Amino acid sequence: MSATKLFSDFYERPDVVTIAKELLGKTLVTCIDGFYTAARITEVEAYAGRNDKACHANGGLRTARTEMMYARGGMAYVYLCYGMHHLFNVVTNKEGMADAVLIRAVMPLAGEEHMLQRRGKPTVTKILSSGPATLSQALGIKTKLHYGTDLAGELIWIEDARVLKPEEIVVSTRIGVDYAEEDALKPWRFYQADMPWVSKKLKQDQLLSEF
DNA sequence: AATTAGATGTTCT
DNA sequence: GAACATCTAATTA
């Protein structure tokens, strides 16, 4: 049970889809406002830089918001979604490539009492942290404070765990990217099979017809 | 169980 | 001014 923090050698690899799948099962840890919280990553999506119409960096777009996507792998890209939700991404690949993995759901492992307080919930259920905005709220991640946080530091980091087998992973299209034309069909969402801690489960008929 | 509407603010056209 | 990598409560069935 040696919990090993992940560093650049993990994050700076070139294939964002591989990194996304390998992040499943690993432990996302925050030490924010003096509260230690840890959770198992159960759902992710890959966003593939400037050639992905669903990605904020599509076409090489560089703005104040997207600038952090172009950093080297291992930084936090956090942004405000729909005016009120903080979505947490891990930047991957080399500097300038703008790949990132969106963390979409986690299962609490430690510091549940702080997560409940931040979310205003009485008990630990899947709605505590099964969704990209709810997990950020549970872990205390906020856009203005944590944009550009180095995951090698002491505020937000990820600890290693075994890589899941292919049969333990469900593949689907990404959520909420219908505007992305053909790239909306890319099977770049991954979640751990047989886990309640997922934002949206696929129905059986979708599983068979699409993949 | 499934669908809908409203909240909210930053970004980009 | 439109769109947006969403969530929740309320409504319909």
Side-chain angles (χ1 to χ4, degrees), chain A residues 16-17 19-21 23-24 28 39 41-71 75-93 97-108 115-149 156 170-191 196-206:
Chain A
V16 65
V17 172
I19 295 175
K21 285 192 261 192
L23 281 171
L24 288 174
L28 177 58
I41 298 171
T42 49
E43 178 183 347
V44 297
E45 283 176 358
Y47 286 85
R50 61 194 71 208
N51 296 317
D52 176 2
K53 287 181 180 167
C55 181
H56 292 159
N58 179 46
L61 183 69
R62 279 185 108 117
T63 66
R65 177 177 72 158
T66 64
E67 190 57 34
M68 189 51 55
M69 293 200 78
Y70 294 84
M75 307 293 277
Y77 170 51
V78 188
Y79 74 97
L80 191 67
C81 182
Y82 295 108
M84 65 194 90
H85 300 124
H86 306 269
L87 270 56
F88 172 73
N89 298 253
V90 177
V91 177
T92 71
N93 211 333
M97 301 303 288
D99 291 351
V101 177
L102 170 66
I103 310 299
R104 289 191 54 91
V106 299
M107 178 182 77
M115 301 190 200
L116 291 171
Q117 175 134 23
R118 285 169 175 148
R119 294 271 298 125
K121 302 289 178 196
T123 53
V124 176
T125 64
K126 65 162 257 179
I127 64 169
L128 184 64
S129 58
S130 299
T134 57
L135 103 242
S136 296
Q137 188 183 18
L139 297 178
I141 299 171
K142 298 189 184 69
T143 301
K144 294 206 175 138
L145 294 176
H146 306 298
Y147 182 87
T149 298
I156 306 172
V170 179
V171 181
S172 92
T173 53
R174 294 171 291 182
I175 304 292
V177 297
D178 296 342
Y179 60 88
E181 302 170 29
E182 75 272 16
D183 287 337
L185 301 175
K186 293 253 164 66
W188 286 351
R189 171 175 177 249
F190 308 99
Y191 61 86
W197 303 85
V198 168
S199 62
K200 293 174 187 193
K201 294 265 191 189
L202 286 182
K203 295 191 172 104
Q204 195 67 26
D205 53 357
Q206 286 177 299

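What you are looking at is a predicted structure, and each value in this text was computed from that prediction instead of being measured. Just so it is clear: chains get the letters A, B, ... in the order the sequence lines come, proteins before strands, and each one is counted from 1.
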*List DNA chain C stems (3 or more consecutive Watson-Crick/G-U pairs, under 3.5 Å)?*
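When the pairs of DNA chain C are grouped into runs of at least three, the stems are B:1-7 with C:6-12, B:9-12 with C:1-4.
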*asked:* Could you check whether A/Lys53 pairs with A/Glu181 (Lys NZ or Arg NE/NH1/NH2 to Asp/Glu carboxylate O, under 4.0 Å)?
replied: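 Looking at A/Glu181 together with A/Lys53, the answer is yes, because their closest N to O distance falls below 4.0 Å.
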*Nucleotide range of DNA chain C contacted by chain A, 5' to 3', under 4.0 Å to a heavy atom?*
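On DNA chain C, the outermost contacted nucleotides are C/dC4 to C/dT8.
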*Aromatic ring pairing A/Tyr77/A/Tyr79, orientation class (parallel under 30°, perpendicular over 60°, tilted between)*: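 A/Tyr77 and A/Tyr79: parallel rings.
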So [X], base contact, sugar-phosphate only, or nothing? Heavy-atom distance under 4.0 Å.
X        : answer
A/Arg119 : sugar-phosphate
A/Leu102 : base
A/Ala133 : sugar-phosphate
A/Thr143 : nothing

*5' precedence on DNA chain B between A/Thr66 and A/Tyr82 (nearest-nucleotide basis)*: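 It is A/Tyr82 whose nearest nucleotide is closer to the 5' end.
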*What do you reckon, is CD of A/Gln117 surrounded by more than 12 foreign heavy atoms closer than 6.0 Å?*
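Counting other residues, nucleotides and ligands, CD of A/Gln117 stays at 12 neighbours or fewer.
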*With nearest nucleotides of DNA chain C determined for A/Gln137 and A/Gly176 from heavy-atom distances, which residue corresponds to the more 5′ nucleotide?*
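The answer here is A/Gly176.
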*Please tell me if the side chains of A/Tyr191 and A/Leu202 come closer than 4.5 Å, counting only heavy atoms from C-beta onward.*
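SC-SC contact between A/Tyr191 and A/Leu202 confirmed.
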*Examine the side chains of A/Gln137 and A/Arg118 and answer whether a donor and an acceptor come within less than 3.5 Å of each other.*
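A/Gln137 vs A/Arg118: no donor-acceptor pair found between side chains.
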